[in-house]
Amino acid sequence: MQVDTPQVLFKNRHLGRPATLAEYRAGGGYEALAATIGKRTPAEVLQLVLDADLRGRGGAGFPAGRKWQGVPTDHVGTRYVVVNTDEMEPGTFKDRILVNADPHLVIEGIVLCAYSIGASEGVFFIRPSYEGDAELIEQECRVAREHGYLGNNILGSDFSFDLHVHRSAGRYICGEASAQIKAISGLRPNPRKGGPRTAVKGLWDCPTIVNNLETLANLPGIVRNGPAWFKALARSATGSGTKLYSVSGQVARPGCYELPIGVTIREIIFEHAGGMAPGKTFKTVIPGGASTPFLPEALLDLEMDFDPMRAAGQRFGTASLMVFDQGTCLVGATLSLMEFFARESCGWCTPCREGIPAIRELLRRIEGGQGTEEHIQMLTDLLPVLDKAYCAFAPGAAEPVRGLLTHFMNEVNAHIVQKRCPFGNPPPTLRGKACGTRPIQFGPTPCPEDQCPI
Ligand SMILES: Cc1cc2nc3c(=O)[nH]c(=O)nc-3n(C[C@H](O)[C@H](O)[C@H](O)COP(=O)(O)O)c2cc1C
Ligand code: SF4
């Protein structure tokens with residue numbers, strides 16, 4: 001692996017196992033906390049984060065400091081930090097690698113955030129398939145408590161904060177911040193919209209900051225080395241810091257790489273991930289996790305940074321690159337993603353609950369050689385419907401379809417003209433037992449009621 005970037009978050013990854021407290025401290029770990037508690041005011045920590053222009057690493061890229069500014073300073077009672085380690089976005093595998101490399105970096109970051117917003121309790125929200133990581137964090141929290149970095153009177157000060165692990169029930173929507181708060185509260189985890197922000201009224205109606213785990217892990221570095229250092233880590237004019245890029249698909253070296261914000265997509269794929277796998281030729285990449293569109297080859301020199309990506313009609317998302325080769329059917333790939341989104345819709349609002357299965361059904365038909373021109377029009381008409389959904393889930397699900405129709409219509413058309421998948425994929429199940437949902441009627445095609453489970 002070519003590494004010419006300072007490894008800030010992955011500093012201890014080379015150990016190949018979680019760094020111990022002693023190993024973390026040997027590299028300056030907990031120095032930021034020691035230089036903060038009782039020595040800097042919470043407002044000074046907030047100012048460092050604002051000046052560093054730290055943007056959320058969980059998908060939306062919202063500036064962390066601005067979110068923290070929303071916490072009412074006059075609130076009497078508990079304030080919470082929720083550490084979002086749900087990581088159910090297909091293609092994204094960074095938070096679990098970070099926890100496994102350096103659990104105390106994560107814990108120190110969380111405590112710094114708690115200090116800045118005056119939180120006394122934290123919830124580490126983690127998906128159930130990461131049980132080993134949940135146990136690791138619990139164990140290292142015990143170690144941190146024993147050494148005065150967590151719990152009552154941290155480092156002998158009057159600041160107390162403790163962290164508890166909450167295992168998710170395991171649905172993708174539980175990663176959405178407001179749904180996550182409901183999930184922790186034992187409520188149905190459909191997102192909340194309108195009303196006060198979670199920074200004002202979140203967990204148990206108290207001020208709550210939800211941040212992605214990677215976002216918070218940047219805090220020790222920012223506090224120790226300063227905002228200018230953090231900004232200089234990025235390669236783009238608008239960027240700050242490094243980023244953990246998850247790279248999967250048809251590349252020679254799939255994996256998670258810490259590289260500057262602003263590195264080009266081409267460099268990530270063709271240098272760090274070793275280029276395409278033997279015998280494979282690049283076709284496209286989904287650059288930011290499943291909720292982002294296919295990116296055409298012409299945009300490979302785009303900088304991986306929030307603003308340049310948006311300006312090019314793309315999305316930075318979780319910076320998780322799924323690479324596809326020329327032999328992969330993109331109708332089939334998009335269908336596969338829609339199977340996921342249709343299954344994971346929380347069902348709260350009609351555009352998403354009905355719209356995504358309808359898109360899935362259309363893609364099944366096109367992939368199975370039964371598609372028509374009319375189906376393409378229906379797909380096109382459905383995309384703006386998803387944008388009217390209640391939360392960001394459905395607009396995100398629409399992105400790969402939008403990318404398919406914008407950049408790869410030739411593949412869609414080839415399915416329709418040839419009446420089969422030109423890549424030789426077998427036809428997907430149409431409205432059959434495998435779909436597990438009620439049938440959707442399109443045009444004159446009769447519904448095979450005898451196959452439908454409902
Ligand atoms: C459907 C959906 C799933 C999400 N899943 C995650 C997730 O697994 N992890 C995460 O950090 N953010 C996830 N988010 C984004 C969160 O709502 C929220 O923006 C984020 O946790 C805020 O942290 P950040 O500002 O540090 O990125 C998801 C959003 C949506 C709409
Ligand atoms: S868009 Fe989907 S996930 Fe979001 S509230 Fe509506 S049904 Fe639920």
Side-chain angles (χ1 to χ4, degrees), residues 89-91 249 265 282-300 302 309-317 320-345 350-389 392-423 425 427-428 430 440 442-443 445:
E89 178 86 358
I265 298 168
F282 179 87
K283 185 194 279 185
T284 184
V285 55
I286 286 186
S291 306
T292 63
F294 293 105
L295 178 136
E297 192 167 5
L299 292 182
L300 272 179
L302 202 55
M309 292 289 283
R310 185 172 298 127
Q314 293 288 326
R315 286 191 60 215
F316 186 80
S320 304
L321 297 89
M322 293 188 268
V323 180
F324 299 87
D325 76 307
Q326 290 290 344
T328 304
C329 171
L330 295 186
V331 174
T334 311
L335 171 59
S336 171
L337 293 174
M338 289 308 117
E339 300 281 5
F340 170 81
F341 286 120
R343 192 182 68 227
E344 294 295 331
S345 165
T350 310
C352 173
R353 185 187 60 242
E354 303 296 330
I356 297 177
I359 288 179
R360 177 189 60 183
E361 185 67 25
L362 289 164
L363 288 171
R364 281 180 179 169
R365 285 171 183 237
I366 295 170
E367 176 70 344
Q370 297 179 16
T372 65
E373 291 289 334
E374 194 192 358
H375 290 157
I376 297 176
Q377 189 57 50
M378 290 167 88
L379 275 179
T380 310
D381 292 346
L382 274 167
L383 291 181
V385 175
L386 296 198
D387 289 338
K388 292 188 171 56
F393 174 105
E399 290 292 351
V401 186
R402 190 167 277 127
L404 177 74
L405 299 184
T406 307
H407 302 295
F408 296 98
M409 263 310 287
N410 55 335
E411 280 195 27
V412 181
N413 285 329
H415 283 73
I416 291 169
V417 171
Q418 296 180 29
K419 298 194 181 309
R420 64 178 177 85
C421 172
F423 297 87
N425 286 348
L430 282 178
I440 300 163
F442 288 122
T445 316

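Both backbone and side-chain heavy atoms feed into the values below; hydrogens, waters and symmetry mates do not. The first residue of the sequence shown is numbered 1, and numbering continues consecutively from there.
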* Asked: Which residue pairs pass the salt bridge (charged side-chain N to carboxylate O under 4.0 Å, His left out) test when at least one of the two sits in residues 285-294, sequence neighbours left out?
  -> none
Point-to-point distance, once rounded to the nearest 0.5 Å, from [atom1] of [X] to [atom2] of [Y]:
| X | Y | atom1 | atom2 | answer |
| --- | --- | --- | --- | --- |
| Met338 | Leu362 | CE | CG | 11.5 Å |
| Phe294 | Leu299 | CZ | CG | 14.5 Å |
| Thr334 | Ile286 | OG1 | CD1 | 6.5 Å |
| Met322 | Thr328 | CE | OG1 | 12.5 Å |

Is there side-chain contact between [X] and [Y], with at least one heavy-atom pair below 4.5 Å?
| X | Y | answer |
| --- | --- | --- |
| Ile376 | Met409 | yes |
| Arg360 | Leu335 | yes |
| Val331 | Cys421 | no |
| Leu379 | Leu363 | yes |

* Might you work through the side chain to side chain contact (heavy atoms under 4.5 Å, CB included) test for Leu295 and Leu302, ending with a clear yes or no? => CA-CA 10 Å; Leu295 178 136; Leu302 202 55; 4.1 Å; yes
* To do: Before giving the answer on side chain to side chain contact (heavy atoms under 4.5 Å, CB included), spell out for Val323 and Phe282 the whole-Å C-alpha distance, their side-chain angles and the decisive distance to 0.1 Å.
  => CA-CA 8 Å; Val323 180; Phe282 179 87; 3.9 Å; yes
Kindly give the heavy-atom pair with the smallest separation between [X] and [Y], and that separation in Å.
| X | Y | answer |
| --- | --- | --- |
| Ala358 | Leu382 | CB-CD1, 3.9 Å |
| Gly396 | Pro400 | O-CD, 3.5 Å |
| Ser345 | Cys352 | OG-SG, 3.2 Å |
| Val285 | Pro287 | O-CD, 3.5 Å |
| Glu411 | Leu330 | OE1-N, 2.9 Å |
| Pro351 | Leu386 | O-CD2, 3.2 Å |

* To do: Could you go through the side chain to side chain contact (heavy atoms under 4.5 Å, CB included) check for Leu383 and Ile359 one step at a time?
  => CA-CA 9 Å; Leu383 291 181; Ile359 288 179; 4.1 Å; yes
* **Salt-bridge criterion met for Glu297 and Lys283 (N-O under 4.0 Å)** =>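 Salt bridge absent between Glu297 and Lys283.
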* Do NZ/NE/NH1/NH2 and the carboxylate oxygens of Arg343 and Glu339 come within less than 4.0 Å? -> no
* Sequence neighbours left out, what pairs pass side-chain hydrogen bond (donor to acceptor under 3.5 Å, both in side chains) with at least one residue falling in residues 398-407? =>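 Sorted pair list: Asp387-Arg402.
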* Return each pair, listed once, that meets side-chain hydrogen bond (donor to acceptor under 3.5 Å, both in side chains) where at least one residue sits in residues 413-423; pairs must be two or more places apart or across chains. =>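 Output for this query lists Glu367-His415, Gln418-Arg420.
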* To do: Decide yes or no on side chain to side chain contact (heavy atoms under 4.5 Å, CB included) for Met309 and Arg315, but give the supporting numbers first.
  => CA-CA 5 Å; Met309 292 289 283; Arg315 286 191 60 215; 6.0 Å; no
* Return the set of residues passing side chain to side chain donor-acceptor pair (under 3.5 Å) with Glu89 (not counting sequence neighbours), or none when no residue passes. =>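 Counting only residues at least two positions away or on another chain, Glu89 forms a side chain to side chain donor-acceptor pair (under 3.5 Å) with Tyr172, Ser291.
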* Asked: What pairs with Thr350 under side chain to side chain donor-acceptor pair (under 3.5 Å), at least two apart in sequence or on another chain?
  ->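 Per chain and number, Thr350 pairs via side chain to side chain donor-acceptor pair (under 3.5 Å) with Arg353.
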* Start with the C-alpha gap between Phe393 and Phe341, add the side-chain angles, then the distance that decides, and say whether ring-ring contact (aromatic ring centres under 6.0 Å, His included) holds. => CA-CA 8 Å; Phe393 174 105; Phe341 286 120; 5.6 Å; yes
* To do: For Phe408, check ring pair (Phe, Tyr, Trp, His ring centres under 6.0 Å) against everything at least two apart and list the hits.
  =>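 Once residues adjacent in sequence are excluded, Phe408 has no partner under the ring pair (Phe, Tyr, Trp, His ring centres under 6.0 Å) criterion.
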